Amino acid sequence: MYRSLDADRIVVSLEQLERRIHERFPDAGLTQVCGELIAVARESRARVAAIEHRNLPVRLAVMVLLAACVLLLWRVSGLIDFGKTSADNVYTVLQGVEATMNILVLMGAAVLFLITFEERLKRRRALAAVHELRSIAHVIDMHQLTKDPSTTVDPWQTTPSSPSRTLTPFLLGRYLDYCSELLSLTAKVAALYAQSLPDPVVAQNVHALEQMTTNLTLKIWQKITIVQGMIATSPASSVPKIPRKRDDAETPKPAEPRPGGTGTSFG
């Protein structure tokens with residue numbers, strides 16, 4: 001259970017993240033990006049299941065073609081007469097052997113092509129899905145591109161082309177953290193293809209996507225570190241807090257005076 005990624009659990013995590021983003025930023029475009037990633041994750045779940053199963057029509061067609069190649073080779077070998085020993089016949093036999101070798105080489109290449117045909121079909125589908133996830137990762141990076149932590153505290157003069165920056169340090173930190181989680185889950189969806197298809201080309205492309213999302217996440221966490229420093233040095237009122245109701249059990253009670261004492265205890 002804990003030795004491989006579960007596509008269903010990834011979809012559940014994405015759905016929960018979408019709710020969190022919508023509750024915190026109901027009008028943000030990041031919610032729609034998360035929704036698109038959920039749709040891709042669900043499609044990937046079906047694609048991965050199809051990749052793991054055998055493609056019986058393709059395998060049947062390959063077996064029929066291989067049988068036809070063997071039958072053709074047997075018919076060609078039957079046309080060569082090895083009983084005569086005349087010079088003309090020896091020359092003909094040598095020509096036939098050379099032609100047979102060429103046919104064997106071509107048929108070997110054709111057999112290799114047919115045997116790997118199913119694997120190449122699966123590889124093409126997996127690479128197309130990884131490319132789609134790479135595009136989504138770039139879209140996520142575009143959403144955090146204009147989130148500059150320095151503009152939340154330093155006075156600056158806007159221009160008509162300046163983006164709207166209305167987030168407090170706390171909300172900015174949450175927004176950047178959501179972007180980081182989306183990038184991480186994007187890489188996990190891509191890892192499903194490398195897990196289901198042990199192909200070196202697919203594994204290399206998935207690894208490249210993971211490296212890209214890791215680099216983007218490091219860039220985001222640099223901003224988060226700056227935001228956390230601002231929150232730590234800013235007044236407590238700038239960070240929204242949920243008021244807590246103190247129970248009677250948590251209310252300190254005055255010490256009861258001792259008989260003949262002053263009511264103060266030192267220990």
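Fair warning: this is a prediction, and the values are worked out from it, not measured in the lab.
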Minimal heavy-atom distance between Arg45 and Ala7, with the atoms involved, is CG-CB, 3.8 Å

Show me, pair by pair, the donor-acceptor contacts under 3.5 angstrom made by side chains of residues 183-196, not counting sequence neighbours?
unit_1	atom_1	unit_2	atom_2	d
Thr186	OG1	Leu182	O	2.7
Tyr193	OH	Ser44	OG	2.8
Gln195	OE1	Leu5	N	2.7
Gln195	NE2	Leu5	O	3.2
Ser196	OG	Leu192	O	3.1
Ser196	OG	Tyr193	O	3.3

Closest non-hydrogen atoms of Leu216 and Ala137, given as atom of the first, atom of the second and distance, are CD1-O, 4.1 Å

In Å and rounded to the nearest 0.5 Å, what is the CG to CG distance from Leu172 to Asp148?
8.5 Å

Under a 4.5 Å cut-off applied to non-hydrogen side-chain atoms, are Leu127 and His131 in contact?
no

Starting at CG of Asn215, measure out to CG of Leu218 and round the result to the nearest 0.5 Å.
6.0 Å

Here the gap from Leu30 atom CG to Arg24 atom CZ, rounded to the nearest 0.5 Å, amounts to 13.0 Å

Residues Glu23 and Arg19 bridged, charged N to O under 4.0 Å:
no

Got a sec, which residues hit ring-ring contact (aromatic ring centres under 6.0 Å, His included) with Tyr175, two or more places apart in sequence or on another chain?
Phe25

Might you point out which heavy atoms bring Gln144 and Lys219 nearest each other, and give the distance in Å?
NE2-CE, 3.7 Å

Just wondering, are more than 12 heavy atoms of other shown residues or ligands nearer than 6.0 Å to NE2 in His22?
no

Quiz: residues 202-211 side-chain donor-acceptor pairs under 3.5 angstrom, not counting sequence neighbours:
unit_1	atom_1	unit_2	atom_2	d
Asn205	ND2	Val201	O	2.8

Close side-chain approach of Leu121 and Arg125, heavy atoms under 4.5 Å
no

Between Lys223 (side chain only) and Leu176 (backbone N and O only), is there a donor and an acceptor less than 3.5 Å apart?
no

Between Asp199 and Lys122, is any pair of side-chain heavy atoms under 4.5 Å apart?
no

Salt-bridge test for Arg20 and Glu15: reply yes if a basic N is under 4.0 Å from a carboxylate O, no otherwise.
no

Quick check: closest heavy atoms across Leu197 and Ala126, and the distance to 0.1 Å?
CD2-CB, 4.4 Å

Are any non-hydrogen side-chain atoms of Pro26 and Thr31 less than 4.5 angstrom apart?
no

Rounded at 0.5 Å granularity, tell me how far CG in Leu133 sits from CG in Leu37.
7.0 Å

Given the rule that I, L, V, M, F, W and Y join up when any side-chain heavy atoms are under 4.5 Å apart, are Ile220 and Ile136 in one cluster?
yes

Arg120 atom CZ, neighbour heavy-atom count above 12 within 6.0 Å:
yes

Do Trp221 and Leu167 sit in the same hydrophobic cluster, where Ile, Leu, Val, Met, Phe, Trp and Tyr count as joined when their side-chain heavy atoms come under 4.5 Å apart?
yes

Distance from Cys34 atom SG to Gln16 atom CD, nearest 0.5 Å?
10.5 Å

Side-chain heavy-atom pair Asp177, Arg174 within 4.5 angstrom cut-off:
yes

State the CE-NE2 distance between Met142 and His138, to the nearest 0.5 angstrom.
11.0 Å

Glu43 CD: over 12 foreign heavy atoms closer than 6.0 Å:
yes

Show the nearest heavy-atom pair for residues Glu18 and Gly35, with the distance to one decimal.
OE2-CA, 3.7 Å

So, for Cys179 and Ile140, which heavy atoms are closest and what is the spacing to 0.1 Å?
O-CG2, 3.8 Å

